[in-house]
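Contents: one structure, followed by commentary.
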Amino acid sequence: MFELKYDFKAVEKKWQQKWEEGKVFKAGTDYTKPKFYALVEFPYPSGQGLHVGHPRSYTALDILARKRRLQGYNVLYPMGWDAFGLPTENFAIKNHIHPEIVTKQNVARFKSQLQALGLSFDWDSEINTTDPNYVKWTQWIFLQLFKKGLAYKKEMAVNWCTSCKCVLANEEVVGGVCERCGSEVIRKVKSQWMLKITEYAQRLIDDLDQVDYIDRVKVSQKNWIGRSTGAEVDFSTTAGDDLRIYTTRPDTMYGATYMVISPEHPYIEKWADKLENMDEIRAYQEASARKSDFERTEMAKDKTGVELKGVRGINPVNGKEIPIFISDYVLMSYGTGAIMAVPAHDTRDWEFAKKFGLPIIEVVKGGNVQEEAFTDCATGEMVNSDILNGLSVQEAIEKITKVLEEQGKGTFKVNYKLRDWVFSRQRYWGEPIPLVYCEKCGYVALPESELPLKLPNVESYEPTDDGESPLANITDWVNTTCPCCGAPAKRETDTMPQWAGSSWYFLRYCDPCNNDALASKEALDYWMPVDWYNGGMEHTTLHLLYSRFWHKFLYDIGVVSTPEPYAKRTSHGMILGENGEKMSKSRGNVVNPDDIVDEFGADTLRLYEMFIGDFEKSAPWKTSSIKGCKRFLERIFSLQDILVDGEEFSAKLETSMHKLIKKVSEDIENMKYNTAIAAMMTVLNEIDGSITRGEYKTILLLLNPFAPHMTEEAWELCGFGGAITDQSWPVYEEAKCKEAVVEIAVQVNSKIKARVNVPADASKEVVMELAAADPAVAENLAGKTVVKEIYVPGKLMNFIVR
RNA sequence: GCCGCUGUGGCGGAACUGGCAGACGCAAGGGACUUAAAAUCCCUCGGUAGAAAUAUCGUACGGGUUCGAUCCCCGUCAGCGGCACCA
């Protein structure tokens, strides 16, 4: 027999060239066709090159994109580069190369690696966040936010490395020390640009109902936004001022035995002359200001605080005077920065009360409040609470809130954990914030005609000693005139975070070269929303939330026509090292995709990554398992040797083929790639002796999205006509998916005794007869009374006997 | 502490809506081909007992519901990820 050798290297190169030259995967401009916009997170082109994790996500959506094209859709499956970022800048600083050059090199490497995988990206819509034509629109969006009052400046504590003398991003602080040099990181107060994402908090929760995201993403986003409902209540004080607190448990007001305000609370200054122990209070304020986030977390269990001597609070529900403390367990940034403490029903208050010997008054029955706080609000009954006695917690919350509202002392209130987005970076390699500071006019937006505001060329990209951006030293660039009044003015020297460019990139893909708008309205109306967005769970709370926020803003100002950017969001699991740990250089378990492509081929790598396990779950890499996928592809390829005439399915394989089309089609839609591949392997194992042209065509088409090169080559070699990418996705007939005869299990008292073949459409009576006729079953039924028969069509027959 | 996820052979993993546990692949063992190796092809492959037919146990652990539980309910343990004094 003539043996076909499959030379993956030559074949993959050949088809990659053909696809590129023919622009086979370029998105069409015929906006009357049904569209499919598939999106994967564009990578940060790091110096390390592609990771084996990247192809898992990219191949998964490549399979969907390729299937949709065969199904007649106009598909946009784009790729680009999220190229601003710290590693590039740090590399540039260390090696004295301009970050732009570093970026260019890294992008070139990433691109060639991706192309070697045969991913069907539309390279004509490639974008790069560092491209001035892209930066222009990132800056434009910022200006719109600024003009609508959604960007503002605020004094903020930032991470400051005492050795590097520079500001660090949170991700660069590991375990309280600088990731690079291991020195202490302290907090330094700086004025930062902020974006009011909190203004969109409720809509970001509510609109999750409109989108098809996997549940764990929705849950994480909701938790991150952290909505809670309660009441704000004014406590009067002996100082005369009302002190406003926030509580989610207004029902427990009769149990409040003291109050706590945050060390940063403004009333401390206000009350300074009334407070008798101001020295002690000041010392505590300073101590907590010095604590880093890390220390505060570490000491979370141990409660500290100081009583304010000279001012006391008055509980509005019973007129009782209670002491006020300052303690850093109350945060200025949440609620009102002040609380009423109910030790009987709050764990933190309980610990504090125990430590400071404060009274604990039970107001909800059900626990032992001297032993621990009773925080359950589903059970229990109100006690020691005057008008609330006998009510449930829920009833009490409603009643007391209403009473307080009537008295003008309280009001229903919703709070969110979500904070506004810190948008400034004191770095070089980011989009400059396009604002000018004028003594007279304040911060003024650059006219849109001056966008993009480009980064100046500089000698050194290092941050300054005092924590200013490297741009602050470029006086030529910094000094300008006010666009408003023409007076001398200074440019803002902070740059935007990496999240900026990735918050709207999916819009640019729709119309990547537009100079008049971030994308044309027609393109946006046609392509948006993204139909299917796949990415990592690690982006659930930052990128995904930020981009939804920007999109909603753009919707509000009429730039886009959909309130949500992504119709569907799925998430892939991580690929771990062979030892089951996260892949990392330091663990020495990194697999380089180039090596795998070189040794086994791109199709095999793609297939293996899809076969490795449940797409949504993490799975350990195992190089020795790859060869199973390679064998499978080679066996499919060499089916050419046993090809026989006939465009129809043979009688022997007809049912299998229809079932296979159904299975593969459905599994792809459900991202069950592993079982789709297994089903193809199963059918391959059934093929014996010969295969018709019709069968082979179908198998090649089903396999094409997974292994595009090999299937193209086989299609061509067999002379099936045209390119496989121009064909149509196979369709099945439901009626032909059913076997004529099925094997069912026969049980007696739920124990399997035999398996019998019965016609698929047989009635219960017929099946019972056939089953009872089996010798092993007959033996078990002999002399017994059948009290019940359970028949599950196509599955089993169960006789219950006595 | 809180939230989420996971637990099935030597390994990765299958199992529709509660209906034959272990599909598919890897590894391993045996055989064929070969001077030999690689490649390829065929057979076996959860535990125990048995020559075998078969019996019996078995989906982290303990209970429960059911004719029947990997799947549903209650409880426990272990691992992973995220958040972390959010009143």
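Each chain gets a letter, A, B and so on, in the order its sequence line appears, and its residues count up from 1.
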- Whole-Å distance, A:E264 CD to B:C85 C1', equals 13 Å
- Item | Paired nucleotide for B:U66 [Watson-Crick or G-U wobble; both distances under 3.5 Å] | none
- Message: Counting distance alone, no hydrogens or angles: does the base of B:C20 have a donor or acceptor under 3.5 Å from a partner atom on the side chain of A:R755?
- Response: yes
- Message: Taking syn as a glycosidic torsion within 90° of 0 and anything else as anti, which one is B:G9?
- Response: syn
- Query: With no hydrogens and no angle check, do the side chains of A:E41 and A:H539 hold a donor and an acceptor under 3.5 Å apart?
  - Reply: yes
- Message: Please determine whether any donor N or O and acceptor N or O are separated by less than 3.5 Å between the side chain of A:K417 and the base of B:C83.
- Response: no
- Query: Expressed as a whole number of Å, how far does the C1' atom of B:G68 sit from that of B:G19?
  - Reply: 7 Å
- Starting at CZ of A:F799 and ending at C1' of B:C67, how long is that distance when rounded to a whole Å? 13 Å
- Taking a pair as Watson-Crick or G-U wobble with both distances under 3.5 Å, which nucleotide is matched to B:U56? B:G47
- Task: Inspect the surroundings of CG in A:D688 and state if more than 12 heavy atoms from other residues, nucleotides or ligands are less than 6.0 Å away.
- Result: no
- Message: We want to know whether A:E609 and A:T59 form a side-chain donor-acceptor pair, criterion being a heavy-atom distance below 3.5 angstrom.
- Response: no
- Query: For B:C77, which nucleotide is its Watson-Crick or G-U wobble mate, given both distances must be under 3.5 Å?
  - Reply: B:G7
- Nearest-nucleotide check on RNA chain B, A:S624 vs A:R419; residue mapping nearer the 5' end is A:S624
- Using purine N1 to pyrimidine N3 plus N6-O4 or O6-N4 for Watson-Crick, or N1-O2 and O6-N3 for G-U wobble, each under 3.5 Å, what pairs with B:C20? none
- Checking all strands, does A:S228 fall into the base, sugar-phosphate, or nothing category for heavy-atom contacts under 4.0 angstrom? sugar-phosphate
- Sub-6.0 Å ring centroid separation between A:F325 and A:F356: yes
Polar-atom pairs under 3.5 Å, protein N or O versus N or O of nucleotides 40-44 of chain B: list them with distances, or write none.
unit_1, atom_1, unit_2, atom_2, d
B:U40, OP1, A:R631, NE, 3.3

- Report yes if some heavy atom in the side chain of A:S690 is under 4.5 Å from a heavy atom in the side chain of A:L639; otherwise report no. no
- Query: Which is true for A:N685 with a 4.0 Å heavy-atom rule: it touches a base, it touches only sugar-phosphate, or it touches nothing?
  - Reply: sugar-phosphate
- Task: Go along nucleotides 7-19 of chain B 5' to 3' and tag each nucleotide: B for a protein heavy atom under 4.0 Å from its base, S when only backbone or sugar atoms are that close, - otherwise.
- Result: ----SBSS-B--B
- Message: Are A:L404 and A:F412 packed together at the side-chain level, in the sense that at least one heavy-atom pair is separated by less than 4.5 angstrom?
- Response: no
- OP1 or OP2 of B:A87 sitting under 4.0 Å from any side-chain N/O of A:Y329? no
- Under 3.5 Å, side chain of A:D234 to main-chain N/O of A:D242, donor-acceptor pair present? no
- Message: Starting the side chain at C-beta, find the nucleotide from B:C24, B:C83, B:C20 nearest to A:I752.
- Response: B:C20
- Choosing from B:C85, B:A87, B:G25, which nucleotide comes nearest the side chain of A:M681? B:G25
- So, for A:Y416 and A:W224, is the gap between ring centers shorter than 6.0 Å? no
- May I ask you to test the A:D328-A:P263 pair for a side-chain heavy-atom distance under 4.5 Å? yes
- Item | A:R227 CZ - B:C3 C1' separation (whole Å) | 18 Å
- Item | Pair A:F352 + A:Y329: ring centers closer than 6.0 Å | yes
- Taking for each residue the nucleotide of RNA chain B bearing the nearest heavy atom, is the 5' side occupied by A:K751 or by A:C629? A:C629
- Task: Could you give the distance separating B:G50 and B:U59 at their C1' atoms, to the nearest angstrom?
- Result: 26 Å
- Message: Base, sugar-phosphate or nothing for A:E538? Non-hydrogen atoms, less than 4.0 Å.
- Response: nothing
